[in-house]
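Take a look at the structure below.
FYI, side chains are in, hydrogens and waters are out, and symmetry mates aren't considered; it's all heavy atoms of this structure.
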Amino acid sequence: MTIALKRRSFTEDDITAEVLRRFEGTPDSRLREIMSSLVRHLHGFVKDVSLTEAEWFSAIEFLTATGQQCDDARQEFILLSDTLGVSMVVDLINHRKPEGATESTVFGPFHRDGAPEMRPGGNIAPHDERGTPMLISGRVLDLSGGPIAGARLDVWQADSSGRYDSQYADREELHMRGLFRADDDGRYLVRTVRPVHYAIPNDGPVGQMLRATNRHPWRPAHVHFVVSADGYEPVTTHLFDDEDPYLESDTVFAVKDSLICHFIRHDAHDDASDAFAIEPPFYTVNFDFALKPRARTSGI
Ligand SMILES: [Fe+2]
């Protein structure tokens with residue numbers, strides 16, 4: 001008796017087709033869609049560049065090193081996603097805002113839970129003695145311009161030397177972070193220092209990639225916000241300094257025109273500086289956040 005042997009996998013396209021076939025039985029339809037698209041694009045990429053075995057192994061080593069670089073305070077995979085522009089593509093697909101709503105941008109790798117709750121005007125930079133004081137004020141509004149009383153603002157930024165608290169040796173201590181609430185008129189007030197442009201961590205695999213491709217690691221000066229309120233979609237965003245030299249070339253592609261602000265310099269005392277015992281020079285910036293209503297979900 002002869003056994004008919006089924007011959008398999010003559011060509012690379014045969015392999016692609018067979019891998020796709022193996023995923024056809026995935027019960028979750030969304031997972032099936034994602035896996036089949038991933039296989040098609042990943043195989044297409046490998047064929048497109050005719051990847052060598054040495055290059056394939058370099059990629060394995062690079063991704064291994066990226067994972068090994070991660071710990072509680074360092075998220076190299078988010079940096080990789082950010083510097084490849086993937087984070088901003090995901091942001092744009094998922095946050096198509098109606099006219100008037102504040103635009104979102106990347107979350108980034110430096111947010112930490114546990115920031116202290118602060119009263120209006122609370123200082124998130126109490127240990128930053130070199131920085132120039134800055135007051136950020138404005139309102140949190142709905143799309144018709146009405147105040148959202150009690151809106152929450154989670155604020156964080158790098159200090160005046162361009163580093164986040166988690167990048168210091170005593171990284172357990174939280175600094176340059178605060179949770180604020182808008183008042184009944186939607187007003188908020190944050191005291192901080194003027195942010196500076198900073199280089200993303202580049203002593204790991206992402207830094208290697210940037211150097212090998214002749215890219216710089218700089219991000220324009222910014223302050224991070226997540227603004228949220230019951231009944232509204234939260235927005236994860238930044239406020240950028242309009243005088244920053246890296247606005248055009250942010251290494252994570254996160255600048256949107258509507259988020260660029262003018263930081264006003266004050267060289268003399270005024271009511272605000274007197275109220276908060278701030279010595280000039282200091283900066284002020286005003287920005288109103290607008291949230292869109294949370295989409296209603298069917299109760300059926
Ligand atoms: Fe940042």
Ionic contact status for [Y] with [X], cut-off 4.0 Å:
{"X": "D82", "Y": "R219", "result": "no"}
{"X": "D230", "Y": "R294", "result": "no"}
{"X": "E24", "Y": "R22", "result": "no"}
{"X": "D288", "Y": "R139", "result": "no"}
{"X": "E243", "Y": "R265", "result": "no"}
{"X": "D154", "Y": "R177", "result": "no"}
{"X": "D28", "Y": "R30", "result": "no"}

Hydrogens and angles aside, do [X] and [Y] bring a side-chain donor and acceptor to less than 3.5 Å of each other?
{"X": "E55", "Y": "T52", "result": "yes"}
{"X": "T192", "Y": "Q157", "result": "yes"}
{"X": "Y164", "Y": "H111", "result": "no"}
{"X": "K292", "Y": "T102", "result": "no"}
{"X": "H41", "Y": "H43", "result": "no"}

>> For D159 and R130: C-alpha separation, side-chain torsions, deciding distance, then whether salt bridge (charged side-chain N to carboxylate O under 4.0 Å, His left out) applies.
In response: CA-CA 9 Å; D159 65 15; R130 290 191 336 169; over 6 Å; no
Check: Does S36 reach the main-chain N or O of L20 with its side chain, forming a donor-acceptor pair under 3.5 Å?
Finding: no
When Ile, Leu, Val, Met, Phe, Trp and Tyr are grouped by side-chain heavy atoms lying under 4.5 Å apart, directly or through other members, which residues fall in the same group as Y168?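 Y168 clusters with nothing; isolated.
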As a test of understanding, state which of F289, F287, F180 forms a ring-ring contact (aromatic ring centres under 6.0 Å, His included) with Y188.
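When F289, F287, F180 are each tested with Y188, the ring-ring contact (aromatic ring centres under 6.0 Å, His included) holds only for F289.
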With sequence neighbours excluded, residues passing ring pair (Phe, Tyr, Trp, His ring centres under 6.0 Å) with Y246: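 Only H197, H216, W218 meet the ring pair (Phe, Tyr, Trp, His ring centres under 6.0 Å) criterion with Y246.
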Taken in chain and number order and not counting sequence neighbours, the residues that satisfy ring pair (Phe, Tyr, Trp, His ring centres under 6.0 Å) with H127 are H175
### Query
What class does the angle between the rings of F240 and H238 fall in, given that below 30° is parallel, 30 to 60° is tilted and above 60° is perpendicular?
tilted
Counting only heavy atoms not in D267, do more than 12 sit closer than 6.0 Å to its CG atom?
yes
**OP:** Would you please indicate if the ring centroids of F276 and F282 are separated by under 6.0 Å?
**Re:** no
For F62 together with W56, are the ring centres under 6.0 Å from each other?
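Aromatic pair excluded; centres sit 6.0 Å or further apart.
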| request: Quick one: pull up CE in M35 and CZ in R40 and give me the separation to the nearest 0.5 Å. | output: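 If we round to the nearest 0.5 Å, M35:CE and R40:CZ are 12.0 Å apart.
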